[in-house]
Amino acid sequence: MLVLQSQLLLANAEVVEFSDESLRPRYQQLIEELRCPKCQNQSLADSNSPISNDLRAQVQRLLEEDLSDQQIKDYLVARYSDFILYRPEVNQTTWLLWGSPLVFVLLGLLVVYRLYFKQRPSESQSHSQSQNSDQISPEDQQRLDSLLTDREPK
Amino acid sequence: MNRLALFIPLSLFAVLTLILLLGLDKDPTELPSALVGEPLPAFAMPSLQDPESLVTQQDFADQVVLVNVWATWCFACRIEHPSLNALAEQGVKIIGLNYKDQRKAAQLWLLERGNPYSFNIYDELGSLGIDLGVYGAPETYLVDAQGIIRHRRVGVVDKRVWEAEFAALYQELTGTTPVLGATQ
């Protein structure tokens, strides 16, 4: 299967001819970043569906027509919507997509922060107290007494 | 510690479950339409019936039309064809976009199955298809008298789809209400 796939990829690479070889890396990068609209999760480079063939040829034509990468992406987005980009631009419909990982990381940091700083003060407190004296404060003694009396069997 | 805070993970889980449940209902093969609300792309293409003559968007200017993308290699188009025939009989103007097809086979198809189209654009290489963002036949566009695409359906137009997606809009644009039977 792998052999077959690599042969197909080779075949794809051979067919495409450019007037200027410097276009080839741009072509390769574009078709890897553009998504086949008919397939569920394949780039134009990976897909052998007819629509991907057509779109690869179109990308090649547009490159030959001296359009910039951005212009080619805009051209395809105007026709196939943001779906065609594997890295959609940040806009009204995609800000949540881009923003949510950041929000979750911040939430995670908040949880870590709170857990960490809730434990630290009590630890250091008891530590310093045990250093200074073996006595516990009157309030704690009182609390301990009440807990102990509660625990006693009735 | 506030006891209610203990429920935060559970409620987050519930929200996530709800979002994922709603996601199950969405059809992942459906793309958002980039062209709804935009004008139909300008074109000048050969007609299917007569290779010598060119057809353009001017041929249906000022009219409300359905533009239907089809091909003889497209199996679902077979299922859809009776619906198009029925709509055409009730006066709906349908423009065919014969997409990446063979001219002879397409002409034969129309002879055999009836021809609901006012005329057909012959898009042999799929170039108008790319301009429309076509990614699978059949597709159907409702274009208003100003040439603006008002609705797009990827997939078969049958009774259910017509009633749910097209009928009200078509009525609003033309004042007529074509209907499809249960078998169409």
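Lettering of chains follows the sequences in order, A, B, ..., and the numbering in each one begins at 1.
For B:Leu132, the part lying under 4.5 angstrom from a heavy atom of chain A is the backbone only. Proximity to chain A (any heavy atom under 4.5 Å) is restricted, for B:Val134, to the backbone atoms N, CA, C and O.
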Check your understanding: Can you list the steps and then say if B:Phe166 with B:Thr140 is a side chain to side chain contact (heavy atoms under 4.5 Å, CB included)?
Key -> CA-CA 10 Å; B:Phe166 286 91; B:Thr140 302; 4.1 Å; yes
Review point. Can you list the steps and then say if B:Glu172 with B:Arg150 is a side chain to side chain contact (heavy atoms under 4.5 Å, CB included)?
Key: CA-CA 11 Å; B:Glu172 183 194 313; B:Arg150 299 295 295 271; 3.9 Å; yes
Exercise for review: Report the C-alpha distance between A:Leu62 and A:Gln71 in whole Å, list the side-chain angles of each, state the deciding distance to 0.1 Å, and finish with yes or no for side chain to side chain contact (heavy atoms under 4.5 Å, CB included).
Suggested key: CA-CA 9 Å; A:Leu62 296 174; A:Gln71 282 171 318; over 6 Å; no
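Salt bridge status for A:Glu33 with A:Lys73: present, with a side-chain N to carboxylate O gap under 4.0 Å.
Ranked by heavy-atom pairs under 4.5 Å with chain A, the first of B:Leu35, B:Leu125, B:Asp131 is B:Asp131.
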